**Student:** 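One structure, as structure tokens, below. Some questions next.
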2 protein chains.
Amino acid sequence: MAYRAPVSDYAFILDHVVDYARVASTARFSEADRDVVAAIIDEAAKLSNDVMAPLDRGGDLTPARLENGGVISSPGFADAFAQIAEGGWIGMLAEPDNGGMGLPLTLASVVNEMMSGACLSLALEPLMCQGQIEALEHHACDEIKALYLPKLVSGDWCGTMNLTESGAGSDVGALRTKATRNDDGSYDITGQKIYITWGDNDFSGNICHLVLARLPDGGEGTKGISLFLVPKFLPDADGEAGDANSLSVVSLEHKLGIHGSPTCVMDYNGAKGWLVGNEHEGMKCMFTMMNNARLGVGMQGVGVAEAATQKAHAYAADRVQGRTPLGADGTGAIIDHADVRRMLAVMRADTYVARCISLACGVALDLGRDDPEWQARGAFLIPIAKAFGTDIGHDVAQLGVQVHGGMGFIEETGAAQYARDARITSIYEGTNGIQAMDLVARKLMDGGEAANALLDEIEAFAEAARVSLPELAGPVWSAAETLREGLEAVLALDLNDRFAGATAFLRAFARVLGGYYHLKSALAEGEAGTRTRLARFYILRMLPEYTSLLVQARLGASDLYALTPEDLLA
Amino acid sequence: MAYRAPVSDYAFILDHVVDYARVASTARFSEADRDVVAAIIDEAAKLSNDVMAPLDRGGDLTPARLENGGVISSPGFADAFAQIAEGGWIGMLAEPDNGGMGLPLTLASVVNEMMSGACLSLALEPLMCQGQIEALEHHACDEIKALYLPKLVSGDWCGTMNLTESGAGSDVGALRTKATRNDDGSYDITGQKIYITWGDNDFSGNICHLVLARLPDGGEGTKGISLFLVPKFLPDADGEAGDANSLSVVSLEHKLGIHGSPTCVMDYNGAKGWLVGNEHEGMKCMFTMMNNARLGVGMQGVGVAEAATQKAHAYAADRVQGRTPLGADGTGAIIDHADVRRMLAVMRADTYVARCISLACGVALDLGRDDPEWQARGAFLIPIAKAFGTDIGHDVAQLGVQVHGGMGFIEETGAAQYARDARITSIYEGTNGIQAMDLVARKLMDGGEAANALLDEIEAFAEAARVSLPELAGPVWSAAETLREGLEAVLALDLNDRFAGATAFLRAFARVLGGYYHLKSALAEGEAGTRTRLARFYILRMLPEYTSLLVQARLGASDLYALTPEDLLA
């Protein structure tokens, strides 16, 4: 069963759930009307289905490897990357002035989902490049922009992000990589970075590393950090890749998944770099990229969930085992067994929820570029899109393994690879625990205004939907109202009490959003629609989870901290 | 961080939660008093900690492999197996007449948990042998018993179970392996079997395969199946391993986890075998073993959960990252962050629940050998012990990965191995979906009598505990009462409506049992106890999940079957 991009789902969600028309009606994105969008989605689907998906298994079996200090990529990746570049996909979000397409983030998110579902390991490379382009567009001086952006947008050169060190992961401010000033305006960078995704490859003319480091007069913590662009090959007088810089790939990690994506330990030994943004403001520059990056990672989870659902569905619709309750009225395959159909329905329903949340977030961020209220909506949705999307990515993939029974445990089947690949997404780009903390702390600093605006929208919609779909609209309205009470309770807690229930609160919010998006879909399709049946399943069976989650969200930290570290061992 | 068997937890649970004293007070198990039990647990802990645990990582890195038709086991496995055999552990459950220890299943379960936590891949070999010994003790003729049992109990020979074929997994009755009668009373077996755990090794003098096959006059389905003992080497006149039989290992599977356990495709090409039990009654013989085997697999989940918890705890107590809310009053390590402590608390609390359920099941089965009411209790608890124990095994291991952050995704850390290894346990020995179906169908055929007896016990205990621990006893009583209502509702459903909510019902029951066992533990320790703090965490935060699970359990199948196979694809 080969991955097929869920093109019709995107069209439906853009039209009926997240109201993409608003984005296309802005001056900024007026060219990205629905016809253009449909054409772009079709093109990206072809690339994903026909070029990327066939490489996914090979990337797992033949991981990227280090030879003579350079990364040798998995079979076919180099050629596929060339096709991605040729299609202009690396520059999807880049400004037209820089050679980019200037597309809305919503649309780029759709494309990222498809590519991630087709081959996550490879999809990470254009994603890293997109992040670097965004950082340079926002923060680099004109000289750097002129020198680097065209080559990055074209895919001739690739980019990486270097934040983490062995003692500085979630706490980036603890980093120890040093920068010193040179007389020519450049800097020398010395230190070791870990977990550098696509830190090297064998298909681009240069690798441009964005590296966080501390200047001698940079203070402690995050405020003393600056951002530097450190290329593998120093640009020569013509702006082409010239002499090798003083940096090297020390080793590649041996990972649970995404074997086709080289995760590098990078060593900078007085490597020459150039400042991006102002000195000591490196974290601010990183934050610019963080929204898009986190939404991008959420879409990775959705993409893998989609691929896992398709594979499990194909197996369950084909595999005959035992008499099924539907007998001759059904397919005869295991998809007719209640518990198998339940698993597939959960997979489909949650993949749909995560996709809707992410695209709603994308729309909000697109509109938010010129509207602070939408901006706040987008900011609020980001940690939910990232954490729920990636949790679902892994959970759905694990259900996919279960649907396959014993075959799921055999690597040749491919179901387990989805689970292994998806596993990193709830860890990187801010662990899902950190996303939840972001949601209940920073994203509630407005006193719950953005959250309540969203709940207002849900309740108003559910209220209106009561007429035609009372059985579905009622529970969604109640869930939103209970969530609002939960929100008030959380707002009354001090910060660490919020943190103790943060993961539960985030998931409760996602569950209720899921009810809303399923309800919207049902209303658009009417009583007899496919998505109406799916909505009924979700609202009756999956939505109620929010109640016990909100119990946890409101509890505070006292029961938790009553437990000493010793209590937590048998 | 090396695995350490949780010896003190076993002592506490046996004394205060599952009332092991009842078992020791029976004539059958009078020798297994608490002193003997303690000594046995200590010995098994030493073996697990010092001999088996050090081999776990090597088994992952150097999987069992096939060379010249024979399995070469992972480094150190052969020597460790010899020590397991020498300690008499293979014969733990075997009758003393056959050279066994004749221990209660409860105690054997404790030992199996430790060995599984230390090195699951290796622990599977003695478990397979135990299953074969049990089958032969119950069903083989005296001649076979005399010939095989001493060698199996001593570990000189090993045993396997051959049920599955490529077209016959959960539906064993679909199998196609054929048996024909020979004039000398033996049979010839021809067919291919898959997923044969430890189908071969390089450390035992013979491998004895128990093979399900169909005689020419065996009817269709499960009723036409017979069980045969098919040794790799035919016993010679002295009962020693003689000529090679006509069977072979075709290949080993490339699996997600338990790499040290060779999972074989076995080919029988007119191999000579002997009947075990009566012709056409092979499934009955398998059912005898099923209870112990399913409980054993549940314990595997608990063992891996324990190991994963220990590893994550050690990391979290050591890793410093960011300022923690406890400041100087805490450890300074990430274990002080609310969300990390929450994850560790969930890991500890659920591992504890699964352990208590499994040992309560063991006690019931031990007592049930002479008491039909306890027998019914044991039968009811088995699918819960198996499914919840293995679900928890995997979920806890995945939380362990998350606690490790980026390190969790790196294979060298070992956290991911626990998740990979545990993953098979919710699939084999009857998928957890099948366990749930067993619970709501076969295990409720008594009209809910066994279930209600258990709920009576919980409510009576909670009622009595209200005096000293009202905050904890109240929610447990309410949960049991709500579960009882849910049970009545489930009993009123027809079979397939039950199946649609079976997984949710099973988990709800486990959640409520967890409340009961945590409450018992708290009452035994009193207000200031470690387990009382853990009980509070569980009862306030984790127990409430039962409410939304019971919603699902009662729903019936209509919303599920309203969804067509096509609806389940985007």
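The chains referred to below are lettered A, B, ... by the order of the sequence lines, with proteins before strands, and numbering in each begins at 1. Values in this document were obtained by computation on a predicted structure and should not be read as measured data.
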**Student:** If we define contacts as heavy-atom pairs under 4.5 Å, which of T413(A), I427(A), D9(A) has the most with chain B?
**Tutor:**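 Sorted descending by pairs with chain B, the first entry is I427(A).
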
**Student:** Quick check on V401(B) against chain A: is it the side chain, the backbone, both or neither that has a heavy atom closer than 4.5 Å?
**Tutor:**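 Both backbone and side chain of V401(B) come within 4.5 Å of chain A.
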
**Student:** For the CG atom of L555(B) and the CZ atom of R342(A), what is their distance to the nearest 0.5 Å?
**Tutor:**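 Rounded to the nearest 0.5 Å, the CG-CZ separation comes out at 12.5 Å.
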
**Student:** I'd like to verify something: which residue of A416(B), G169(B), A419(B), G433(B) has the highest number of heavy-atom pairs under 4.5 Å with chain A?
**Tutor:**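 Greatest number of close heavy-atom pairs with chain A: G169(B).
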
**Student:** Going through the distances and angles, do T530(A) and E566(B) end up as a side-chain contact (heavy atoms from CB on, under 4.5 Å)?
**Tutor:** CA-CA 8 Å; T530(A) 276; E566(B) 294 69 36; over 6 Å; no

**Student:** Any side-chain heavy-atom pair from M407(B) and Y195(A) closer than 4.5 angstrom?
**Tutor:**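 Touching, per the 4.5 Å side-chain cut-off.
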
**Student:** Give, as side chain, backbone, both or neither, the part of H404(B) having an atom under 4.5 angstrom from any heavy atom of chain A.
**Tutor:**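 For H404(B), there is no contact with chain A at all, as no heavy atom is under 4.5 Å.
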
**Student:** Under a 4.5 Å heavy-atom cut-off, does chain A meet the side chain of F537(B), its backbone, both or neither?
**Tutor:**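 Its backbone and side chain both get close to chain A.
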
**Student:** Testing the 3.5 Å rule here: is there a donor-acceptor pair between the side chains of Q398(B) and R423(A)?
**Tutor:**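 A donor-acceptor contact under 3.5 Å links the two side chains.
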
**Student:** Could you check which of T164(A), D559(A), L256(A), D171(A) has the highest count of heavy-atom pairs closer than 4.5 Å to chain B?
**Tutor:**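 Top option by heavy-atom pairs under 4.5 Å: L256(A).
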
**Student:** Got E411(A) and K255(B) here, is their nearest side-chain heavy-atom distance under 4.5 Å?
**Tutor:**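 They are not in side-chain contact.
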
**Student:** Which bit of R531(B) comes within less than 4.5 Å of chain A, counting heavy atoms only: side chain, backbone, both or neither?
**Tutor:**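 Neither; nothing under 4.5 Å.
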
**Student:** Spell out, as yes or no, whether a donor-acceptor pair under 3.5 Å connects the side chain of R533(B) to the backbone of L563(A).
**Tutor:**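 No, because the side chain of R533(B) does not come within donor-acceptor range (under 3.5 Å) of the backbone of L563(A).
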
**Student:** What option among G408(B), A168(B), A349(B) has the most heavy-atom pairs under 4.5 Å with chain A?
**Tutor:**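 The residue among G408(B), A168(B), A349(B) with the greatest pair count is A168(B).
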
**Student:** Looking at E253(B), Q552(B), R541(B), which makes the most heavy-atom pairs under 4.5 Å with chain A?
**Tutor:**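 The candidate making the most pairs under 4.5 Å is R541(B).
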
**Student:** As a quick check of understanding, evaluate side-chain contact (heavy atoms from CB on, under 4.5 Å) for T547(B) and T547(A), giving each step before the final call.
**Tutor:** CA-CA 8 Å; T547(B) 52; T547(A) 53; 4.1 Å; yes

**Student:** Any donor and acceptor pair, going by atom type alone, linking the side chain of Q321(B) with main-chain N or O of S170(A) inside 3.5 Å?
**Tutor:**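 A pair under 3.5 Å: yes.
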
**Student:** Is R319(A) in contact with chain B via its backbone, its side chain, both, or neither, using a 4.5 Å heavy-atom distance?
**Tutor:**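 The answer is the side chain of R319(A).
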
**Student:** Give, as side chain, backbone, both or neither, the part of Y10(B) having an atom under 4.5 angstrom from any heavy atom of chain A.
**Tutor:**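 For Y10(B), no heavy atom lies under 4.5 Å from chain A.
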
**Student:** Counting heavy-atom pairs closer than 4.5 Å to chain A, which one of I410(B), N432(B), I334(B) comes out on top?
**Tutor:**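 Winner by heavy-atom pair count: I410(B).
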
**Student:** Less than 4.5 Å to any heavy atom of chain A: does that hold for the side chain of H254(B), its backbone, both, or neither?
**Tutor:**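 Contact with chain A is through both the backbone and side chain of H254(B).
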
**Student:** With respect to chain A, which residue among R355(B), E306(B), H394(B), M343(B) yields the maximal number of heavy-atom pairs within a distance under 4.5 Å?
**Tutor:**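 Most pairs with chain A among the choices: H394(B).
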
**Student:** Let me know if I335(A) has heavy atoms under 4.5 Å from chain B in its side chain, its backbone, both or neither.
**Tutor:**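 For I335(A), side-chain heavy atoms alone lie under 4.5 Å from chain B.
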
**Student:** Output the option from G406(A), A436(A), A557(A) having the highest count of non-hydrogen pairs under 4.5 Å with chain B.
**Tutor:**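 Looking at each of G406(A), A436(A), A557(A) in turn, G406(A) comes out on top.
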
**Student:** Using a cut-off of under 4.5 Å for heavy-atom pairs, which of D339(B), L344(B), I424(B), L549(B) has the most such pairs with chain A?
**Tutor:**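 Option with the top pair count is I424(B).
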
**Student:** Side chain, backbone, both or neither: which part of L326(B) has a non-hydrogen atom closer than 4.5 Å to chain A?
**Tutor:**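 Contact with chain A is through the side chain of L326(B) alone.
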
**Student:** Over all heavy atoms of both residues, which pair between R341(B) and T564(A) is shortest? Give the atoms and the distance, please.
**Tutor:**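 Between these two residues, the closest heavy atoms are NH1-CA, 4.1 Å.
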
**Student:** Please flag which part of L560(B) lies under 4.5 Å from any non-hydrogen atom of chain A: side chain, backbone, both or neither.
**Tutor:**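 L560(B) touches chain A through backbone and side-chain heavy atoms alike.
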
**Student:** Indicate yes or no: at least one non-hydrogen side-chain atom of L534(A) is less than 4.5 angstrom from one of D567(B).
**Tutor:**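 The answer is no; the side chains never approach within 4.5 Å.
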
**Student:** Between H313(B) (side chain) and P565(A) (backbone), is there a donor-acceptor pair under 3.5 Å?
**Tutor:**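 Pair found, side chain donor or acceptor close to backbone of P565(A).
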
**Student:** Would you mind checking which part of A174(B) comes under 4.5 Å of any heavy atom in chain A, side chain (CB onward), backbone (N, CA, C, O), both or neither?
**Tutor:**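 Nothing of A174(B), per the 4.5 Å heavy-atom cut-off to chain A.
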
**Student:** Any non-hydrogen side-chain atom of L569(B) less than 4.5 Å from a side-chain atom of R348(A)?
**Tutor:**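 No, their side chains stay 4.5 Å or more apart.
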
**Student:** Can you tell which part of M542(B) gets under 4.5 Å to a heavy atom of chain A, answering side chain, backbone, both or neither?
**Tutor:**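 The answer is neither part of M542(B).
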
**Student:** Check each atom of A502(B) against the heavy atoms of chain A and say whether the ones under 4.5 Å are side chain, backbone, both or neither.
**Tutor:**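 No part of A502(B) comes within 4.5 Å of chain A.
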
**Student:** Quick check: do F409(A) and T263(B) have side-chain heavy atoms less than 4.5 Å from each other?
**Tutor:**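 F409(A) vs T263(B): side chains apart.
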
**Student:** Can T431(B) and Q402(A) be said to form a side-chain contact (heavy atoms from CB on, under 4.5 Å), step by step?
**Tutor:** CA-CA 8 Å; T431(B) 66; Q402(A) 193 71 19; 4.0 Å; yes

**Student:** Between P6(A), A504(A), S426(A), A317(A), which shows the greatest number of heavy-atom pairs under 4.5 Å with chain B?
**Tutor:**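 Heavy-atom pair counts peak at S426(A).
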
**Student:** Could you check if a side-chain atom of P325(B) sits within less than 4.5 angstrom of a side-chain atom of Y561(A), using non-hydrogen atoms only?
**Tutor:**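 Yes, their side chains come closer than 4.5 Å.
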
**Student:** Between D336(A), V340(A), T309(A), which has the largest tally of heavy atom pairs under 4.5 Å with chain B?
**Tutor:**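 Among D336(A), V340(A), T309(A), the one with the most close pairs to chain B is D336(A).
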
**Student:** Can you tell which part of R323(B) gets under 4.5 Å to a heavy atom of chain A, answering side chain, backbone, both or neither?
**Tutor:**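 No part of it gets close to chain A.
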
**Student:** Heavy-atom cut-off 4.5 Å, strictly under: side chain, backbone, both or neither for S8(A) against chain B?
**Tutor:**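 Just the side chain, heavy atoms under 4.5 Å.
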
**Student:** Heavy-atom pairs under 4.5 Å with chain B are the metric here; pick the option from D497(A), L540(A), V551(A), V172(A) that has the most.
**Tutor:**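 Option with the top pair count is L540(A).
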
**Student:** Determine, stepwise, if the pair M347(B) / L568(A) fulfils side-chain contact (heavy atoms from CB on, under 4.5 Å).
**Tutor:** CA-CA 8 Å; M347(B) 294 168 79; L568(A) 301 176; over 6 Å; no

**Student:** Relative to chain B, which segment of T331(A) carries a heavy atom at a distance below 4.5 Å: side chain, backbone, both, or neither?
**Tutor:**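 T331(A) touches chain B through side-chain heavy atoms alone.
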
